[in-house]
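These notes concern the structure reproduced below.
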Amino acid sequence: MNIASAVTIQTEHDLVAQAQLGDRAAFGDLVQMHQRGVINLVYRLSGDPAFAEDIAQDAFIRAWEKLDSYQPIAPFRSWVYRIATNAAFDALRRRKEQVDIDAVVVSTPGNGLEQNLVHRQRDEAIRQAVLSLPLASRSVLILREYESLSYQEIADTLEIPLGTVMSRLNYARTTLRTTLAELLEA
Amino acid sequence: MDKHITQWLAAYYDGELRGRRLAQVEAHLEHCPECLTELEQLSSLSALLAEVPEALALTTPDRFAAQVGLRLSRRRVVQNKPAGRQSLVWAALPISIVIGLAFLQVVQWLATSLEVAQVFGFGTAAVERLTTSPIQPSTALGQMSTQFIQSSIPFSPQLLIGVILPAILAIAYLLWLVVWGLNHQETETI
């Protein structure tokens with residue numbers, strides 16, 4: 001771990017301690033530190049950026065209310081991601097309707113209209129493939145591939161055994177290699 | 001180890017292996033093209049997944065944090081209670097005070113009862129022995145101790161037992177109640 005990371009972790013510990021004493025400004029700093037990660041996590045789980053922001057807000061509200069229960073044994077990020085994942089799971093199960101991928105706004109580097117369209121179709125195919133995974137495997141894959149969490153951090157976040165993390169990740173990757181075979185060969 | 005190390009490839013790719021297992025997998029990859037191909041496919045999949053961009057920010061980070069801030073409920077901060085042995089001592093203090101007060105009351109009652117018995121002439125001989133015969137120290141040291149105690153107490157024993165000591169214990173108990181109340185009081189909502 002480099003010095004910058006150590007300083008960041010110490011700063012985060014201080015902010016959490018202050019927030020646990022009721023310091024809203026300190027909690028606001030924690031929100032700013034983790035909001036992108038939480039929003040992207042929920043976005044990749046759902047495919048809907050507006051939904052992602054709503055659920056992310058709900059997750060931070062829940063985190064504030066449960067802050068007394070946080071113990072600095074696991075990283076704060078893992079704890080917040082757990083709350084966000086549970087909130088997303090609950091909301092997605094309530095929604096049940098299919099996410100309209102065409103309605104999702106995608107930001108791609110513009111390099112001509114045709115090339116942009118190809119990129120967009122490619123991105124949509126990949127996103128659709130991920131969204132087609134079962135929620136349990138999808139969450140493990142997203143936490144590993146997009147949030148770079150370790151296996152242990154994923155296990156702590158999702159409250160599942162380490163072996164389950166490995167088996168779900170293996171299933172997700174094997175399924176995606178089949179689904180995205182054409183894109184992989186290209 | 002198996003002929004191929006496919007079961008460890010994902011963990012190796014994700015940087016989860018350590019020590020002997022890591023060395024074994026690396027040694028195997030040096031001469032196994034099939035496993036090496038499998039590893040490359042894992043890498044290709046990760047690269048493909050990484051192409052999908054992050055969510056487009058519908059709300060600026062400052063605005064998002066402000067919206068969260070507006071929705072935060074008023075939290076109560078509960079003071080920590082003293083734990084373990086400290087808590088036991090803290091709980092035993094008022095009990096000790098109450099026992100002390102009760103003891104003083106018993107002593108006072110006994111003294112009063114003996115005086116009443118003396119007035120009415122009950123068991124005169126026994127009462128006289130108890131009330132008029134203080135314990136005679138058998139040693140010079142004991143005599144000196146008795147004289148020292150009697151000269152150092154400015155009050156009569158009746159005043160000490162009946163008023164002063166109970167007052168001290170009562171004040172101590174009140175102070176304990178105040179401190180206990182402050183420790184267990186929840187702060188104002190934040």
Side-chain angles (χ1 to χ4, degrees), chain A residues 19-25 27-32 35-36 39-40 42-44 47-50 52-53 56-58 60-61 64-65 67-68 104-109 119 122-124 126-127 129-130 141-142 144-146 148 150-152 162 166 169-170 173 176-177 180 183-186, chain B residues 4-18 21-22 25 35 37-81 185-190:
Chain A
Q20 285 179 320
L21 293 175
D23 188 339
R24 288 166 173 252
F27 188 76
D29 290 343
L30 289 169
V31 170
Q32 296 226 351
Q35 64 177 3
R36 268 334 280 173
I39 291 172
N40 276 312
V42 182
Y43 167 67
R44 296 191 192 282
D48 183 348
E53 289 199 5
Q57 277 202 21
D58 290 344
F60 281 115
I61 303 302
W64 168 255
E65 290 167 357
L67 205 52
D68 288 337
V104 173
V105 178
V106 176
S107 64
T108 53
H119 279 146
R122 187 180 169 89
D123 291 342
E124 283 182 5
I126 298 168
R127 193 167 45 248
V130 172
L141 179 89
I142 288 167
R144 177 60 221 150
E145 292 287 351
Y146 292 108
S148 302
S150 68
Y151 287 5
Q152 188 58 56
L162 206 59
M166 296 172 72
L169 187 59
N170 184 53
R173 283 169 165 163
L176 287 176
R177 279 164 61 179
L180 300 171
L183 294 178
L184 282 167
E185 286 167 10
Chain B
H4 292 293
I5 42 90
T6 48
Q7 64 183 114
W8 298 110
L9 270 179
Y12 171 75
Y13 174 70
D14 291 328
E16 293 285 336
L17 296 184
R18 300 282 182 274
R21 182 70 70 195
L22 175 64
V25 170
C35 289
T37 303
E38 182 74 13
L39 190 65
E40 286 168 0
Q41 287 179 354
L42 278 173
S43 180
S44 299
L45 177 63
S46 289
L48 189 67
L49 292 173
E51 287 183 22
V52 179
E54 292 186 344
L56 188 66
L58 301 176
T59 310
T60 61
D62 289 342
R63 188 180 168 86
F64 180 89
Q67 287 173 346
V68 170
L70 285 172
R71 292 178 58 191
L72 294 181
S73 62
R74 294 175 179 273
R75 280 183 63 238
R76 289 169 176 272
V77 177
V78 179
Q79 300 275 358
N80 289 328
K81 299 179 189 178
Q185 186 183 29
E186 290 182 346
T187 62
E188 293 178 6
T189 56
I190 297 160

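Fair warning: this is a prediction, and the values are worked out from it, not measured in the lab. By convention in this document, chain letters (A, B, ...) are assigned in the order of the sequence lines, proteins followed by strands, and residues within each chain are numbered from 1.
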Checklist entry - Are A/Arg173 and B/Leu42 close enough, and set up right, to give a side-chain contact (heavy atoms from CB on, under 4.5 Å), and what steps lead you there? => result CA-CA 8 Å; A/Arg173 283 169 165 163; B/Leu42 278 173; 3.7 Å; yes

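Taking CG from B/Leu72 and CG from A/Leu67, the interatomic distance works out to 10.0 Å, rounded to the nearest 0.5 Å. For the atom pair OG of B/Ser46 and CG of A/Leu176, the computed distance is 10.0 Å after rounding to the nearest 0.5 Å.
Of the options A/Arg127, A/Glu124, A/Arg122, A/Glu145, a side-chain contact (heavy atoms from CB on, under 4.5 Å) to B/Val52 is made by A/Arg127 and by none of the others.
In this structure, the side chain of A/Tyr146 does not engage the main chain of B/Glu54 through any donor-acceptor pair within 3.5 Å. Counting only distance, with no hydrogens or angles, the side chain of B/Gln67 and the backbone of A/Gln57 share no donor-acceptor pair below 3.5 Å. At least one donor-acceptor pair closer than 3.5 Å links the side chain of B/Glu16 to the backbone N or O of A/Tyr151. With hydrogens and angles disregarded, no donor-acceptor distance shorter than 3.5 Å links the side chain of B/Asp14 to the backbone of A/Ser150.
When all heavy atoms of A/Glu53 and B/Ala57 are compared, the pair lying nearest together is OE2-C, 3.9 Å. The minimum heavy-atom distance linking A/Asp123 with B/Pro53 is given by the pair OD2-CD, 3.6 Å.
Heavy atoms closer than 4.5 Å to chain A are found in both the backbone and the side chain of B/Glu51. When heavy atoms are compared at a cutoff of 4.5 Å, A/Val130 approaches chain B solely by way of its side chain, counted from C-beta outward. B/Ala47 does not touch chain A: none of its heavy atoms, backbone or side chain, sits under 4.5 Å away. Contacts of A/Ala25 with chain B are absent, with no heavy-atom separation under 4.5 Å from either backbone or side chain. At a 4.5 Å heavy-atom cutoff, A/Asp29 makes no contact with chain B through either its backbone or its side chain. Within the 4.5 angstrom heavy-atom criterion, no atom of A/Asn170 approaches chain B. With a threshold of 4.5 angstrom between heavy atoms, A/Ala50 approaches chain B through its backbone and through its side chain. Contact of B/Ala66 with chain A is not made at all, since no heavy-atom distance falls under 4.5 Å.
Heavy atoms from other residues, nucleotides or ligands lying under 6.0 Å from CZ of B/Arg63 number 12 at most.
Using a 4.5 Å cut-off on side-chain heavy atoms (C-beta onward), A/Trp64 and B/Val68 make no contact.
In terms of heavy-atom pairs under 4.5 angstrom with chain B, the leader among A/Arg177, A/Gln32, A/Arg36 is A/Arg177. Put simply, of A/Val42, A/Asp58, A/Val31, A/Ile126, the one with the most heavy-atom pairs under 4.5 Å next to chain B is A/Ile126.
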